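Worksheet: one structure, shown below.
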Amino acid sequence: MLKTQIAVFVSGGGTNLQALLDARATGKLSAGEIVLVLSSRADAYALTRAEKAGVPTVVCSRKALGSQDAFENAINAALSAHNIDLIVLAGFMSILSKSFTDAWPERILNVHPALIPSFCGQGFYGLRVHEAALARGVKVTGATVHFVNEIPDGGRILLQKAVSIEDGDTPETLQRRVMEQAEWLLLPQAVQMVSETIAKEKVQ
Ligand code: GAR
């Protein structure tokens, strides 16, 4: 079977990328092949993780490229060069335009560190999400893997998992628990699921 060709987009530490690379190593990503890691930042540790795993990398910085058009043209060139079928946003902190997301309907996945529709949308990313959950005093949070459309965190939900908030949690301890108990499990599972669907379409 032809494997789904996957690009993982990152901006930071890349622990979710690592979960995908580990899933690949243990055969849990059998329907897909991670063939490109694209970072919005040249100094992202995620790039080192990709290099250690032997996956080609490219840096596309909106700031360095000067405009959203130039940024997305650079992304498109990298995607075409690697015949990408599926994009996975794994801690990718740059915004993609509607024309970009429209060109990839149900072909872009994102992992969000809360139970959408809570603590999501504009301004909710990274530690801020956990700060907001603690400030609101919720007792349960979690993670969501969803398709990406033009609305921030607005696309169809694929998988969710709840995680308890404990007394004395800080944004950092909560972020770690949500990653360990939800994100690192859900993201490889969702990527395998969608890769299977795409791979089947490729043989038809
Ligand atoms: C993860 O918690 C991810 O869910 C979150 O950023 C972190 C990246 O960590 N993404 C968002 O907040 C997107 N709205 P990582 O670089 O270690 O995977």
Side-chain angles (χ1 to χ4, degrees), residues 6-24 29 34 36-53 55 57-62 75 87-97 100-101 104 108-136 138 140-165 169-191:
I6 301 167
V8 184
F9 286 17
V10 296
S11 298
T15 65
N16 280 289
L17 167 66
Q18 192 64 54
L20 292 170
L21 294 170
D22 293 349
R24 176 182 80 154
L29 207 57
I34 301 169
L36 179 67
V37 170
L38 183 149
S39 177
S40 64
R41 297 178 56 122
D43 61 352
Y45 183 68
L47 288 169
T48 306
R49 295 181 190 273
E51 281 153 20
K52 282 185 183 162
V55 179
T57 61
V58 64
V59 175
C60 293
S61 156
R62 193 197 169 286
I75 293 176
I87 298 169
V88 180
L89 308 185
F92 187 63
M93 300 303 176
S94 288
I95 298 292
L96 296 167
S97 70
F100 188 93
T101 58
W104 292 86
I108 311 176
L109 283 172
N110 180 48
V111 58
H112 183 74
L115 294 174
I116 291 173
S118 290
F119 311 113
C120 67
Q122 203 88 43
F124 286 99
Y125 56 86
L127 264 188
R128 288 178 185 217
V129 178
H130 304 294
E131 284 164 4
L134 290 175
R136 186 63 184 83
V138 294
V140 174
T141 184
T144 304
V145 179
H146 63 94
F147 285 118
V148 173
N149 62 12
E150 73 282 7
I151 302 157
D153 299 319
R156 182 159 75 85
I157 292 171
L158 269 176
L159 297 173
Q160 288 190 305
K161 188 166 186 281
V163 174
S164 296
I165 292 182
D169 261 341
T170 63
E172 290 78 9
T173 61
L174 183 56
Q175 179 181 52
R176 182 78 193 178
R177 188 174 319 109
V178 169
M179 284 175 159
E180 282 176 356
Q181 295 185 7
E183 294 185 54
W184 299 340
L185 308 174
L186 291 190
L187 188 60
Q189 212 182 314
V191 173

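One-based numbering, in listed order, for ligands and for the atoms of each. As the structure is a computational prediction, the values presented were derived from the model and not from experiment. FYI, the numbering just counts along the sequence from 1. FYI, side chains are in, hydrogens and waters are out, and symmetry mates aren't considered; it's all heavy atoms of this structure.
Between the Gln160 side chain and the Ile116 main chain, a donor and an acceptor come within less than 3.5 Å of each other. A donor-acceptor contact shorter than 3.5 Å is absent between the side chain of His130 and the backbone of Thr173.
The closest approach between any non-hydrogen atom of Phe92 and ligand 1 is not below 4.0 Å. Taking 4.0 Å as the cut-off, Val10 does not count as a neighbour of ligand 1 on heavy-atom distance. The closest approach between a heavy atom of Met93 and any atom of ligand 1 is below 4.0 Å.
Within the listing of ligand 1, atoms 11 (C), 12 (O) sit less than 4.0 angstrom from a heavy atom of Gly126. Ligand-side atoms of ligand 1 in range of Met179: 1 (C), 2 (O), 9 (O), 17 (O), range being under 4.0 angstrom from any heavy atom. Proximity to Glu183 (heavy-atom distance under 4.0 Å) selects the following atoms of ligand 1: 1 (C), 2 (O), 3 (C), 4 (O). When each atom of ligand 1 is checked for a heavy atom of Phe124 under 4.0 Å away, the hits are 14 (N).
Here CG of Leu174 is found 5.0 Å from CD1 of Ile165. Values are rounded to the nearest 0.5 Å. Rounded to the nearest 0.5 Å, atoms CG (Leu21) and OG1 (Thr15) are 11.0 Å apart. Atom CG in Leu185 sits 9.5 Å away from atom CD in Glu180 (nearest 0.5 Å). The CG atom of Leu89 lies 7.0 Å from the CZ atom of Phe9; values are rounded to the nearest 0.5 Å.
Polar contact with ligand 1: absent for Asn110 (N/O pair, distance under 3.5 Å). When only interatomic distances are considered, the shortest N/O to N/O separation between Asp153 and ligand 1 does not fall below 3.5 Å. No N or O atom of Gly91 sits closer than 3.5 Å to an N or O atom of ligand 1.
Residues Gly13 and Arg49 share a closest heavy-atom pair of O-NE, 2.6 Å.
The option from Leu127, Val111, Thr144, Val145 that lies nearest to atom 13 (C) of ligand 1, judged by heavy atoms, is Val111. Remark: among candidates Ser11, Gly14, Gly121, the nearest residue to atom 16 (O) of ligand 1 is Gly14, based on non-hydrogen atoms.
Around CZ of Arg41, the count of heavy atoms belonging to other residues, nucleotides or ligands within 6.0 Å does not exceed 12.
Put simply, the side chain of Glu183 reaches to within 4.5 Å of the side chain of Pro113, judged on heavy atoms.
Closest to atom 14 (N) of ligand 1, if we only count protein heavy atoms, is His112 ND1, 3.4 Å.
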